[in-house]
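Notes to accompany the following structure.
Side chains included, hydrogens not; waters and symmetry mates left out as well; all remaining heavy atoms used.
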Amino acid sequence: NVAGGYVQFSVPAVAGTVSLQFRFANGSTADRPMDITVNGTATIRIDNRAFRRPVLGGGSRVAASSLAAADRALAPHRIRVPASVRDITGVVEADLDLAGTMGAPGATVHARAVYLDLPGLGPSALTAEVEANTHLVVVAPFTLRRGTTAAAGEVTIDLDARTLTGTAHATTADARELQDAVPEAWRVAGALTTDAIIAGTMDAPFVDVTVVSPSVVVAGDTFEDLEFRGRVEGEGVQVRWLGARQDAGRLDASGHYGFDRSFTLKLDLTELAWRGALVGGAESRLSVGGRFLGHGTLDDPVGDGDLSV
């Protein structure tokens, strides 16, 4: 296995063309060129460096009719679209430019989707700039738009460790446009600012989300200093904490919302004010405190509570 080492053997043959099959393995990271010599004449050289020359190039345009179709195409390469989003409808188009070498291929991708029906968001437009090689996929930036909501961020996919890391920032002028699944009377109205941390693995990704708003309106009542902290993963959203202030009172909540419209809810009320007509059209004002527990679906909710008025 030293420089100049060789293997020699003789094969009885007659004049003419013959086929020769053999295996050549390089057990180190250094270049190990090899010459094949027949009857003392060098016939061919096998050189690792020849396979690393920049022979890749050119562009093409590809399209996937759905994320399920993209998942089927990527599956042989051990890259899977998370199961929770494979049913998303909408065409994703991409301009693909190949680069690099046979030993270290790479690609630049400009992807876009005019319409994607995203869980929890609804119809949205997406763009992404992607740099990829055999070890990393860097998506920077990606943008997402739906109505007045504009989001941008970046994410890095480590193909060796199969992990994801990234961040995103979004602003929404009117939160009602993001709540198609919520009964209209209970939709939150107001401007939102969202920051997200993207993490997890390719098989189990998640997004930790923080949402804040100086003021929102719910069922005709105004709440201030709203803050939401939760995690989007799998089939829904884990609500770790949601809090808001109303005059001297507070509202605090936690629970889970599923993309199938199921939910669980724990709601704590502290001196929460309510104004409305109870008898004869005269306006009344109540202060409410206590705890409410709910579950079920948005179409068939169930709950009980211990409230004081």
Step by step, work out the side-chain contact (heavy atoms from CB on, under 4.5 Å) result for F259 and V237. CA-CA 8 Å; F259 295 137; V237 181; 4.1 Å; yes

Set out, in order, the CA-CA distance, both residues' side-chain angles and the distance that settles side-chain contact (heavy atoms from CB on, under 4.5 Å) for F228 and V188, then state yes or no. CA-CA 13 Å; F228 165 89; V188 177; over 6 Å; no

Can you list the steps and then say if E227 with T210 is a side-chain contact (heavy atoms from CB on, under 4.5 Å)? CA-CA 7 Å; E227 182 174 351; T210 300; 4.3 Å; yes

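Between R291 and D306 there is no salt bridge, since none of the side-chain N atoms of the basic residue sits less than 4.0 Å from a carboxylate O of the acidic one. With respect to the salt-bridge test (charged N to carboxylate O, under 4.0 angstrom), the residues R250 and D268 do not qualify.
A253 and L267 make their closest contact through CB-CD1, 3.8 Å (heavy atoms, listed as atom of the first residue, atom of the second, distance). Contact detail for V137 and A132: the closest heavy-atom pair is CG2-CB, 4.0 Å. Heavy-atom minimum distance, S213 versus L192: CB-CD2, 3.8 Å. The two residues S254 and R240 have their closest heavy-atom pair at CB-O, 3.6 Å. Closest approach of F263 to G294, counting heavy atoms only: CE1-C, 3.8 Å. Taking every heavy atom of both residues into account, S215 and T222 meet most closely at OG-CG2, 3.5 Å.
Considering CG of D300 and NE2 of H295, their distance stands at 9.5 Å, rounded to 0.5 Å. For the atom pair D208 CG and Q238 CD, the distance stands at 11.0 Å (nearest 0.5 Å). Between the CG atom of D252 and the CG atom of L242 there is a distance of 8.5 Å, given to the nearest 0.5 Å. To the nearest 0.5 angstrom, T165 atom OG1 is 8.0 Å from D158 atom CG. Between the CD atom in E271 and the CG atom in D247 there is a gap of 10.5 Å [rounded to 0.5 Å].
The side-chain heavy atoms of E129 and H110, taken from C-beta on, include a pair separated by under 4.5 Å. T127 has its side chain out of reach of R145: every pair of non-hydrogen atoms, C-beta onward, lies at least 4.5 Å apart. Side chains of L251 and L269 form a contact here, defined as non-hydrogen atoms less than 4.5 Å apart.
Listed for the N133 side chain is a donor-acceptor partner under 3.5 Å among the backbone atoms of H135. Distance alone, capped at 3.5 Å, is enough to place a donor-acceptor pair between the T264 side chain and the H256 backbone. T172 places no side-chain N or O within donor-acceptor distance of the main-chain N or O of A175, the cut-off being under 3.5 Å.
Residue I197 qualifies as open at atom CD1: its count of foreign heavy atoms under 6.0 Å is 12 or below. Residue R176 places its CZ atom among 12 or fewer non-hydrogen atoms of other residues, nucleotides or ligands, all under 6.0 Å distant.
No single ILVMFWY cluster, assembled from side-chain heavy atoms under 4.5 Å apart, contains both V239 and F206. Under a hydrophobic clustering in which Ile, Leu, Val, Met, Phe, Trp and Tyr are joined whenever their side-chain heavy atoms come within less than 4.5 Å, directly or via other members, M202 and V139 fall into the same cluster.
Under the 3.5 Å distance criterion, with hydrogens and angles disregarded, a donor-acceptor pair is assigned to the side chains of S262 and D260.
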